[in-house]
Amino acid sequence: MLMAFTAAVNQSMAAGPSITLEQLRDSTLSIGLALGGGGAKGLAHIGVIRALEEAGIKIDYIAGTSMGALVGAVYASGFPIDTLEKIAIETDWKTTAKLFSPGLSASGFVDGKKVKEFLYTFYGDKKIEDLAIPFAATATDISNGKLYVINKGSVIEAVRASISIPVVFTPVQHGESFLVDGGLVNAVPIDIVREMGADYVIAVHIVHTVLPSQEKEYIEIQSEGDDKKKPLTLDTLSHRINEYINKIKNQKEDVKPTEKNALPKIAMITQNSVHIAADAVANLQVALYKPEMLIEPDTRRINLYEFYRGKEAVEIGYNEAKKVLDALK
């Protein structure tokens, strides 16, 4: 379900010149793919790319933010989309939990070492300049909000910076800057892929929430008295996270996480904060930069960390892309 704001954007886009799928497939236009963030939700990008491949659409440029950077870099490196989809579908929740093993510091409770090891299986020591498709990732300087576009150097470091959700992951240092998730200031890098040379932009915005931008409610909150609970400190948080990981290690492969053994609440709070802001930024970017094609997989049912639901996410992306592409026929 699209928001009224995005629907208005789509209507304004539809008023301009249109192109059929056959014309798009056979044209000499340079096609750019702008992939937004979304954690496990972003596995929907794999389904979108598969649908584009089936339609015979060749991608000439890719710009990605957060999970869009991860998937985009894999595809840009020449990794077959079918193989990537197989990996996404076969990833179980226990493997996911290991990626988020805590390495608590003052700036984030996951240091990202396991994630970098995981990324190495896709990229190895490749540099962005050597990828089969021109690629760029976005990241944000957490100290001042400056947008960084990473289009050179280590693919792993570029992706690691772009996926660094504040508080969850420790930032990546670049000189005197500390880089975190690019989605904070550029949720769907439409402008970046255009600057790279794309004539026709396909933007993929992973829908996290439906923002009731035209609705508000006036309420009154009653005090329930002083909170007698023990305050949460870094030490107690570290203890809770380690307890959670130890539970995972002792559980069977076929046991899925429940509400009782879910990720720490602070991670959920951070996730929702980033995603609510990202959806608002994405809608503004769509309105401002007007991509020629907008695909919005509705992944609200999937949690940021639920990578074991890869099959569902891929199918959502594929079905939404097919719907948009069929409308061009």
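The residues of the chain are indexed from 1 along the displayed sequence. Side chains included, hydrogens not; waters and symmetry mates left out as well; all remaining heavy atoms used. Fair warning: this is a prediction, and the values are worked out from it, not measured in the lab.
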Measure the shortest side-chain to side-chain distance between [X] and [Y] over non-hydrogen atoms and say whether it is less than 4.5 angstrom.
X    : Y    : result
V204 : V188 : no
F122 : V159 : no
L328 : M293 : yes
R160 : S164 : yes
L325 : L52  : yes

Using modelled atom types and a 3.5 Å cut-off, is there a donor and acceptor pairing between side-chain atoms of K127 and backbone atoms of G153?
no
Below 4.0 angstrom, N of the basic side chain to O of the carboxylate: do E306 and R309 qualify?
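R309 and E306: salt-bridged.
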Can we say E312 and R301 salt-bridge, meaning some charged N sits less than 4.0 Å from an Asp/Glu carboxylate O?
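Yes.
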Check: H205/D279 side-chain N/O donor and acceptor closer than 3.5 Å
yes
Are S177 and Y148 close enough that a side-chain donor and a side-chain acceptor fall under 3.5 Å?
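Checked: S177/Y148 side chains pair up, N/O donor to acceptor below 3.5 Å.
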Would I142 and L179 count as a side chain to side chain contact (heavy atoms under 4.5 Å, CB included) here? Give the steps.
CA-CA 6 Å; I142 195 60; L179 306 182; over 6 Å; no
Carefully, step by step, assess E320 and K323 under the rule salt bridge (Lys or Arg N to Asp or Glu O under 4.0 Å).
CA-CA 5 Å; E320 186 62 30; K323 187 189 306 179; 3.4 Å; yes
Name the atoms and distances for all side-chain donor-acceptor pairs under 3.5 Å in residues 191-203, with sequence neighbours left out.
| residue | atom | partner | partner atom | Å |
| --- | --- | --- | --- | --- |
| D191 | OD1 | N186 | ND2 | 3.2 |
| R194 | NH1 | E292 | OE1 | 3.3 |
| R194 | NH1 | E292 | OE2 | 3.4 |
| R194 | NH2 | Y289 | O | 3.1 |
| R194 | NH2 | K290 | O | 2.9 |
| R194 | NH2 | E292 | OE1 | 3.4 |
| D199 | OD2 | S30 | N | 3.0 |

Can you give each donor-acceptor pair under 3.5 Å made by side-chain atoms of residues 32-40, sequence neighbours left out, with the distance rounded to 0.1 Å?
none

With a cut-off of 3.5 Å and sequence neighbours excluded, list every side-chain donor-acceptor pair involving residues 67-84.
| residue | atom | partner | partner atom | Å |
| --- | --- | --- | --- | --- |
| Y75 | OH | E53 | OE2 | 2.6 |
| S77 | OG | V74 | O | 2.5 |

